[in-house]
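One structure is given here, and the rest of the page talks about it.
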Amino acid sequence: MALAGVRVIELAGLAPAPFCGMILADFGAKVIRVDRTKVGMSLDTQGRGKRSVAINLKTSEGVTLLRKLCVQSDVVLEPYRKGVMEKLGLGPRELLEENPRLIYARLTGYGQSGSYANAAGHDINYVALSGLLSRLGRSGEKPYAPLNLIADFAGGGLSCALGIVLALLERTKSGKGQIIDASMVEGAAYMGSFAWKSRSIGLWDRPRGQNMLDGGAPFYDTYETADGKYVAVGAIEPQFYTQLLKGLELDAGALPPQMSVDDWPELSRIFTARFASKTQADWSRVFDGTDACVTPVLPLAEASSHPHNRERASFVKDGGGGESPRPAPVLSRTPAQPCLASDPGVGEHTAEVLSEFGFSSADVQRMLAAGVVECDAVKAKL
Ligand SMILES: CCCCCCCCCCCC[C@H](C)C(=O)SCCNC(=O)CCNC(=O)[C@H](O)C(C)(C)COP(=O)(O)OP(=O)(O)OC[C@H]1O[C@@H](n2cnc3c(N)ncnc32)[C@H](O)[C@@H]1OP(=O)(O)O
């Protein structure tokens, strides 16, 4: 796999950093998640392919131990508020001094500087500050955050993974590590560059929810079908729009022109009534195999069984039967191989990992007895 041989220390976080770590693990990195002690269970639902070490960082020996793990690794991924790692004496300056090849990734909401740098926040706050949230939502309604996808995952975990891979690539030339300041506000904004830069072509001139791509245009929207399900319509180009009208059995000559913005509400009413006349499956029969850009809106539970996704094996089943998306994109020679074993329990691999880093079993036993580390002995034996 592309990242084989890369060792990553991921400090356990909430959602963005765990996703970043999972991407790296999916593509072959050895990711070690550092969990807290005395927590029972992990909230990391993105633990695929990782191993877990439980360390109490409120002990000085725990901090020393983590330092040893970090300086013997390629990447440190930390998800804490600005200054937390420095307080522990594990800031980038200290660690890079000991290991100049280390890539030190800091995944935060507001970044390492600026007046919000110390503030708590979550996805919705970061998307709000990026400017994007103001553009999301239906006409006449309040701004709407589409799950926690934009900042936590697209602008956060994914863009931080890109930063790490770029730094690894650069290290092959310079031999040097570096610090990655991954701010979710900036990651989200960057991911939304199209929204900024396409203002120059008038794509967002109208209020929220009244533009071509935000629910304003009848040919770029969702419609309810006769069975209470939905279809998605994305027929932007005239040749595809023509196919849409054909499938809906509408006479183009009797309708206002596609780009007559003032007539969009009326066209929407016509499309709404038409789509309500058949079931979702009926519409798939009408539109599959055409260029009308009409697809069913699938629930998560049905996505993997859609013929297209089934043919590409786009979803994988883990050992417990749980389904999730397979890693993307697909690399031809070195594709990701997602681990199908169950996600790691807190401290499941403490003894195994510490031994790999050169600790003797007597060291491990002593640290266990002192409460510096914890080992989930039951899971570790399975
Ligand atoms: C009832 C609750 C139910 C919860 C169910 C949860 C289900 C999952 C839901 C996922 C929701 C995802 C949401 C929508 C998100 O947006 S997640 C993104 C959140 N934001 C970020 O990640 C940005 C960067 N991080 C942060 O800003 C902050 O970490 C935070 C998220 C605001 C949380 O702040 P806070 O809890 O005060 O923690 P921090 O200031 O970072 O300090 C962490 C403290 O923990 C300590 N710590 C860490 N590891 C260990 C360890 N192994 N052992 C002992 N202690 C440990 C650190 O030393 C630090 O301690 P201290 O410096 O405060 O004394």
Side-chain angles (χ1 to χ4, degrees), residues 124 127-128 130-147 149-150 154 188-299 302-303 306 308:
I124 195 166
V127 185
S130 78
L132 288 175
L133 190 53
S134 71
R135 298 297 333 176
L136 303 174
R138 288 281 174 183
S139 176
E141 295 180 10
K142 61 186 184 174
Y144 166 81
L147 312 185
L149 296 173
I150 296 182
Y190 188 40
M191 196 259 325
S193 294
F194 183 78
W196 267 266
K197 295 170 87 63
S198 60
R199 284 179 300 176
S200 60
I201 54 169
L203 218 43
W204 311 104
D205 282 353
R206 293 165 60 84
R208 177 171 64 243
Q210 295 177 30
N211 299 276
M212 191 202 288
L213 300 180
D214 63 2
F219 51 85
Y220 201 88
D221 205 349
T222 56
Y223 290 94
E224 188 168 359
T225 55
D227 49 352
K229 297 181 178 180
Y230 292 88
V231 292
V233 175
I236 298 174
E237 296 84 342
Q239 67 276 26
F240 304 149
Y241 183 71
T242 301
Q243 299 262 317
L244 171 68
L245 296 189
K246 187 171 165 216
L248 291 174
E249 296 178 31
L250 289 168
D251 174 8
L255 296 174
Q258 178 189 7
M259 292 300 171
S260 172
V261 174
D262 290 343
D263 292 309
W264 280 355
E266 173 56 15
L267 264 178
S268 273
R269 277 189 287 278
I270 296 169
F271 288 4
T272 300
R274 215 25 93 92
F275 275 112
S277 69
K278 292 186 200 291
T279 65
Q280 188 192 60
D282 291 336
W283 288 120
S284 289
R285 278 187 284 276
V286 170
F287 287 114
D288 277 4
T290 77
D291 275 347
C293 309
V294 178
T295 45
V297 176
L298 300 175
E302 287 175 25
H306 184 277
H308 174 79

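For clarity, every value in this text was computed on a predicted model and none was experimentally measured.
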For residues [X] and [Y], determine if any side-chain heavy atom of one lies less than 4.5 Å from a side-chain heavy atom of the other.
X: Trp283; Y: Leu248; result: yes
X: Tyr241; Y: Pro218; result: no
X: Pro299; Y: Tyr230; result: no
X: Val231; Y: Gln280; result: yes

**Request:** Verify the neighbour count for atom CG of Leu149: are there more than 12 heavy atoms of other residues, nucleotides or ligands below 6.0 Å?
**Result:** yes
For [X] against [Y], the heavy-atom pair lying closest together:
X: Gly247; Y: Val286; value: O-CG1, 3.6 Å
X: Pro265; Y: Asp262; value: CD-O, 3.5 Å
X: Val127; Y: Ser130; value: O-OG, 2.7 Å
X: Ile150; Y: Ala188; value: CG2-CB, 3.9 Å
X: Trp264; Y: Gly216; value: CE3-O, 3.4 Å
X: Arg206; Y: Arg135; value: O-NH2, 3.1 Å

To the nearest 0.5 Å, what is the distance between [atom1] ([X]) and [atom2] ([Y])?
X: Ser198; Y: Met212; atom1: OG; atom2: CE; answer: 10.0 Å
X: Ser134; Y: Leu132; atom1: OG; atom2: CG; answer: 7.5 Å
X: Leu245; Y: Phe271; atom1: CG; atom2: CZ; answer: 5.0 Å
X: Arg269; Y: Arg274; atom1: CZ; atom2: CZ; answer: 15.5 Å
X: Leu267; Y: Leu255; atom1: CG; atom2: CG; answer: 6.0 Å
X: Gln210; Y: Arg138; atom1: CD; atom2: CZ; answer: 11.5 Å

**Prompt:** Can Asp227 and Thr225 be counted as having a side-chain donor-acceptor contact under 3.5 angstrom?
**Reply:** yes
**Pair Leu136-Arg208, side chain to side chain contact (heavy atoms under 4.5 Å, CB included): steps then yes or no** = CA-CA 7 Å; Leu136 303 174; Arg208 177 171 64 243; 5.6 Å; no
**Parallel, tilted or perpendicular: ring planes of Phe275 versus Phe287, cut at 30 and 60 degrees** = tilted
**Message:** Test side chain to side chain contact (heavy atoms under 4.5 Å, CB included) on Val294 and Leu244; report intermediate values, then the result.
**Reply:** CA-CA 8 Å; Val294 178; Leu244 171 68; 3.7 Å; yes
**Message:** Which residue in the set Val233, Asn211, Leu213 passes side chain to side chain contact (heavy atoms under 4.5 Å, CB included) when paired with Tyr220?
**Reply:** Leu213
**Message:** Tell me whether Gln258 contacts the main-chain N or O of Ile236 through its side chain, where contact means a donor paired with an acceptor under 3.5 Å.
**Reply:** yes
**Message:** Quick test of your reading of the model: are Lys246 and Asp291 salt-bridged, counting only N-O distances below 4.0 Å?
**Reply:** no
